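Everything on this sheet refers to the single structure shown next.
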Amino acid sequence: MIYFWLTWLFAPLLRLRAGRPAGAPRAVLLVQTAKIGDFVCTTPLVRELRRGWPHAELHLLIDGINEPLARHNPYAARVHLLPPGGLKGLSGRLWLWRLLRGCRIDGVVCASPSLPHWLVPLWAGVPLRASVVPNFGGGSYVRARRFLTHAEEHRAGRLLLETEFALLRRLGLAPGADAKEAWPAPGADGAAASLLGALAAPRIGVGVSAGNKLKELGEDKLVALARELLGRSAASVVLIGGPGDRELARRVRERLAAEGHGGRVLDASGRLGLAELPALLSRLDAYVGVDSGITYLADAVGVPVVDLMGPADADDQRPTGARAVVLRTDLPCAPCSHAFRAPYACAVGTRACVADASPQALAAHALGLLA
């Protein structure tokens with residue numbers, strides 16, 4: 001808090017030094033430091049910033065996990081990764097200060113609000129300081145709004161992207177299409193085709209896990225879901241996950257193979273990197289999973305998806321493709337996970353919003369997307 005009160009004390013001098021925004025900025029930093037799903041959902045903002053300020057040099061500040069996805073972004077001139085430990089303490093804040101000064105950033109647009117993201121641009125003399133304002137947060141956020149030149153409050157019932165687009169309109173821009181995007185690495189199509197091999201179509205992807213373990217289906221439900229898909233159709237199942245999901249995916253596939261389904265199940269977990277994954281997802285006919293980054297990647301490449309929201313607030317963020325099926329729960333405790341407040345443990349101890357989900361219903365929705 002010492003940094004906040006020092007900024008508060010010297011704010012008049014800092015604002016005088018920064019000056020006022022004068023026309024379109026020359027170098028813009030878009031701050032999106034959340035995980036995969038949030039990054040994918042912010043890709044329309046990246047595109048519309050480039051479209052709105054075509055002559056500005058667009059920089060991205062992201063979490064390192066998203067570097068494989070951002071690396072091939074055609075709209076960004078440079079991509080910067082958060083340092084280890086983030087922006088904690090004076091060293092983290094000085095790192096951001098040096099980035100802003102060294103790249104001559106004169107405009108910051110913040111999709112991941114935090115006090116360092118609001119304070120340091122003022123320290124660095126950035127004239128344009130715009131941010132989404134979280135709908136969950138303490139009094140510090142209320143007081144720190146005075147350090148911004150443009151702010152747009154997020155509110156319940158509105159997609160976070162709509163809030164971000166409203167922020168762009170405050171900046172005098174006119175955002176258009178809201179479609180998500182994903183940019184696979186060169187050669188990813190060939191790697192995906194080689195991995196799938198002769199696996200029979202139609203192919204249905206099944207998400208093995210989620211970054212937030214509160215949302216995960218678990219082994220038994222994954223087996224039951226795949227069993228329904230295989231038993232009720234001629235489709236093949238592709239298990240999708242990261243390197244950390246290999247053991248779980250192996251157990252699921254072995255149980256299905258023991259039931260005679262081995263030839264129709266491909267374990268793709270960890271077989272391709274994140275930069276190649278969009279190419280694999282684009283070759284699927286449908287995808288079913290919980291609310292996770294991979295589900296949003298599938299939505300971004302135009303694959304019909306079934307998203308079991310579980311604890312997540314679909315009003316904040318959800319797949320928006322033309323053939324996306326978004327499954328909400330009517331439990332009184334849900335949604336408990338929001339864009340700016342995401343618990344990692346169930347408050348009532350049951351995880352009923354996921355644990356009570358019907359594999360038969362999930363399979364029925366996925367097979368309906370094939371029709």
Side-chain angles (χ1 to χ4, degrees), residues 21 23-81 103 105-113 117 128-132 150 152 154 158-186 188-189 274-279 281-282 293-303 305 316-324 339:
R26 298 181 303 275
V28 183
L29 178 69
L30 173 60
V31 180
Q32 170 49 276
T33 55
K35 301 303 182 183
I36 296 173
D38 300 278
F39 176 80
V40 175
C41 289
T42 310
T43 54
L45 181 61
V46 179
R47 181 187 62 245
E48 295 306 301
L49 271 173
R50 161 58 62 216
R51 192 177 70 84
W53 288 324
H55 302 296
E57 186 178 70
L58 180 57
H59 297 242
L60 301 182
L61 176 59
I62 62 171
D63 187 286
I65 194 173
N66 290 313
E67 190 273 339
L69 294 174
R71 183 190 312 154
H72 306 290
N73 183 326
Y75 308 114
R78 294 184 61 183
V79 175
H80 308 276
L81 307 185
C103 295
I105 301 296
D106 59 347
V108 170
V109 177
C110 184
S112 297
H117 295 156
L128 188 154
R129 305 176 300 280
S131 179
V132 169
H150 302 78
E152 178 66 30
H154 183 56
R158 180 165 77 167
L159 280 173
L160 182 55
L161 181 61
E162 294 175 0
T163 300
E164 293 165 349
F165 275 16
L167 178 64
L168 294 191
R169 286 190 285 271
R170 287 186 180 274
L171 295 171
L173 305 182
D178 61 359
K180 305 175 187 69
E181 293 187 77
W183 313 282
D189 286 336
L274 189 58
E276 291 77 34
L277 199 52
L281 293 169
S282 68
I294 307 305
T295 301
Y296 287 109
L297 265 181
D299 186 46
V301 298
V303 174
V305 301
D316 271 345
Q317 206 155 256
R318 61 180 181 271
T320 54
R323 299 183 62 200

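Worth saying up front: this structure is predicted, and the values here are computed from it rather than measured.
Shortest non-hydrogen contact noted between L49 and V109 is CD2-CG2, 4.3 Å. Heavy atoms only, all atoms of each residue included: A275 and P278 are closest at O-CD, 3.7 Å. In plain terms, the two heavy atoms of G176 and F165 that are nearest each other are O-CE2, 3.6 Å. Closest heavy-atom contact between R47 and A177: NH2-O, 2.6 Å. Closest of all the heavy-atom pairs between G52 and L173 is O-CD2, 3.8 Å.
Looking at R158 and E152, a side-chain N of the basic residue comes within less than 4.0 Å of a carboxylate O on the acidic one, giving a salt bridge.
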Query raised in the report: Could you walk me through whether V40 and D299 pass the side-chain contact (heavy atoms from CB on, under 4.5 Å) check?
Result: CA-CA 9 Å; V40 175; D299 186 46; over 6 Å; no

Report task. Test D316 against H154 for side-chain contact (heavy atoms from CB on, under 4.5 Å), laying out the working first. Result -> CA-CA 9 Å; D316 271 345; H154 183 56; 2.7 Å; yes

Report task. Could you please spell out the steps behind the side-chain contact (heavy atoms from CB on, under 4.5 Å) verdict for Q317 and Y296? Result -> CA-CA 10 Å; Q317 206 155 256; Y296 287 109; 4.0 Å; yes

Expected list for residues 74-81: side-chain donor-acceptor pairs under 3.5 angstrom, two or more places apart:
from : atom 1 : to   : atom 2 : distance (Å)
Y75  : OH     : E181 : OE1    : 3.2
Y75  : OH     : E181 : OE2    : 3.0
H80  : NE2    : H59  : ND1    : 2.9

Between side-chain atoms of residues 25-34 and protein atoms elsewhere (two or more places apart, or another chain), which donor-acceptor pairs fall under 3.5 Å?
from : atom 1 : to   : atom 2 : distance (Å)
Q32  : OE1    : A34  : N      : 2.9
Q32  : OE1    : S112 : OG     : 2.9
Q32  : NE2    : T42  : OG1    : 2.7

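Sorted pairs that involve residues 36-55 and meet ring-ring contact (aromatic ring centres under 6.0 Å, His included), not counting sequence neighbours, are lacking altogether.
Side-chain N or O atoms of R50 include one that pairs as donor or acceptor with a backbone N or O of P54 at under 3.5 Å.
The residue from L297, V301, L161, T43 that alone fulfils the side-chain contact (heavy atoms from CB on, under 4.5 Å) condition with K180 is T43.
To the nearest 0.5 Å, atom CD of residue E48 and atom CZ of residue R51 are 4.5 Å apart. Atom CG in L128 sits 5.5 Å away from atom CG in L171 (nearest 0.5 Å). To the nearest 0.5 Å, atoms CD1 (I36) and CD1 (I62) are separated by 10.5 Å. Atom CG of L159 is separated from atom OG1 of T320 by 7.5 Å, given to the nearest 0.5 angstrom. With rounding to the nearest 0.5 Å, the separation of SG in C41 from CG in L160 is 8.0 Å. Between I294 atom CD1 and L277 atom CG the span is 5.0 Å, to the nearest 0.5 Å.
Side-chain contact between E57 and C103 is absent, with no heavy-atom pair separated by less than 4.5 Å.
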